[in-house]
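Chain identifiers are assigned alphabetically (A, B, ...) following the order of the sequence lines, protein sequences preceding nucleic acid strands; residue numbering begins at 1 within each chain. Since we're looking at a predicted model, the values are computed, not measured.
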Amino acid sequence: MKIASWNVNSVKARLPNVLRWLEEAQPDIACLQELKCVDDAFPRDDIEALGYNVETHGQKTYNGVALLSKYPLEDVSRGLPGLEDEQARYIEAVVSTQGSTNGSAVRVASLYLPNGNPVSQESSDGFHEKYTYKLNWMAALEAHASTLLSYEEAFVLAGDYNVIPAPADCHAPDKWEGDALFRPETHAAYRRLVHLGLTEAVSTLSVTDDTTYTFWDYQAGAWPKNNGIRIDHHLLSPLAADKLETFGIDKHTRDWEKPSDHVPVWIELRD
DNA sequence: ATGACGAATCGTATTCGA
């Protein structure tokens, strides 16, 4: 079971790349983020033609997340429970792989955690509302993950977390000091989430360093200089983590024509 | 020469991303 996550930065602008990648990578499940289009504008037919079931939670101009699956998507829910959210950043479903001997199920979420910048606002002691929104979103994700853990199921929370977990996960840590992706409150919230008992796939299977980045800014030659960051993650419940086999980062897509600034990351779970 | 950023939008400038 191959589960991939990719922030495509506009599914319409990226459609040729998305189709090309789906055909070559053949993920069983693909979690997409930053669709930047409403549900009706999602290129559903092109993707269904490749054998995928499609569920979207779209939004005009910003955000938008989707789940693509070669298996049926059941119990689909949109938005994070317990959070009043105007922004389309979360979709979850249960994927059942019936057939063969023991049909199993895995719950999968595609999430697009808020960026959170700017952190501070002028003429005030408190945080800017964008950073408060990020912290609130992370708290709601933690609460929901806690609920899901109580079900004792296999689940995978995949997406663009907009969190650089550690200094090794960025090219120049000093430059990220104070940034919403890297500041102590962000790290603390991310650790609270992981410490519920989740397993972050890539850092569990490998050392993370300058070969495991998942995002390179379009600006200032970030890609040729490998000035990247690792912000796209798979967090696994214990039952999913027991089946974790491998991961991959499809960096070659960053060299394609009209690339996204993120590349697909994927994990493989044993059947 | 240290590298014209890219996408969407009522748009020929602005906002946003990370």
Under a 3.5 Å cut-off for both distances, is B:dA7 Watson-Crick or wobble paired, and to whom?
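Paired with B:dA7, as far as the under-3.5 Å criterion goes, is B:dT15.
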Side-chain N,O (A:Arg14) to OP1/OP2 (B:dG6) below 4.0 Å:
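Checking A:Arg14 against B:dG6: no side-chain N or O falls below 4.0 Å of OP1 or OP2.
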Quick one, [X] and [Y] - any side-chain contact, counting heavy atoms below 4.5 Å?
X	Y	result
A:Tyr151	A:Ser237	no
A:Leu157	A:Val108	no
A:Glu185	A:Leu135	yes

Nearest-angstrom distance, [atom1] atom, [N] to [M]:
N	M	atom1	result
B:dG11	B:dC16	C1'	15 Å
B:dA1	B:dG6	P	22 Å
B:dT2	B:dA13	P	27 Å
B:dG3	B:dT14	C1'	25 Å
B:dT15	B:dC10	C1'	14 Å
B:dT12	B:dG17	C1'	22 Å

DNA chain B: A:Gly221 or A:Lys258, which has the more 5' nearest nucleotide?
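The residue whose closest nucleotide sits nearer the 5' end is A:Gly221.
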Does NZ or CZ of A:Arg89 fall inside the cone over A:Tyr62's six-membered ring, less than 6.0 Å from its centre and within 45° of the axis?
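Not satisfied by the 6.0 Å and 45° rule.
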Please report, rounded to the nearest Å, how far the P atom of B:dG3 is from the CG atom of A:Asn226.
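Atom CG in A:Asn226 sits about 16 Å away from atom P in B:dG3.
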Shared hydrophobic cluster for A:Leu235 and A:Trp6 (ILVMFWY, side-chain gaps under 4.5 Å):
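No, A:Leu235 does not connect to A:Trp6 through the hydrophobic network.
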Compare every heavy atom of A:Arg230 with every heavy atom of A:Val202, then report the nearest pair and how far apart it is.
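So the minimum-distance heavy-atom pair works out to CB-NH1, 3.8 Å.
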For each nucleotide in nucleotides 9-18 of chain B, reading 5' to 3', give B when a protein heavy atom comes within less than 4.0 Å of its base, S when such contact involves only the sugar-phosphate, and - otherwise.
SS-----SBB
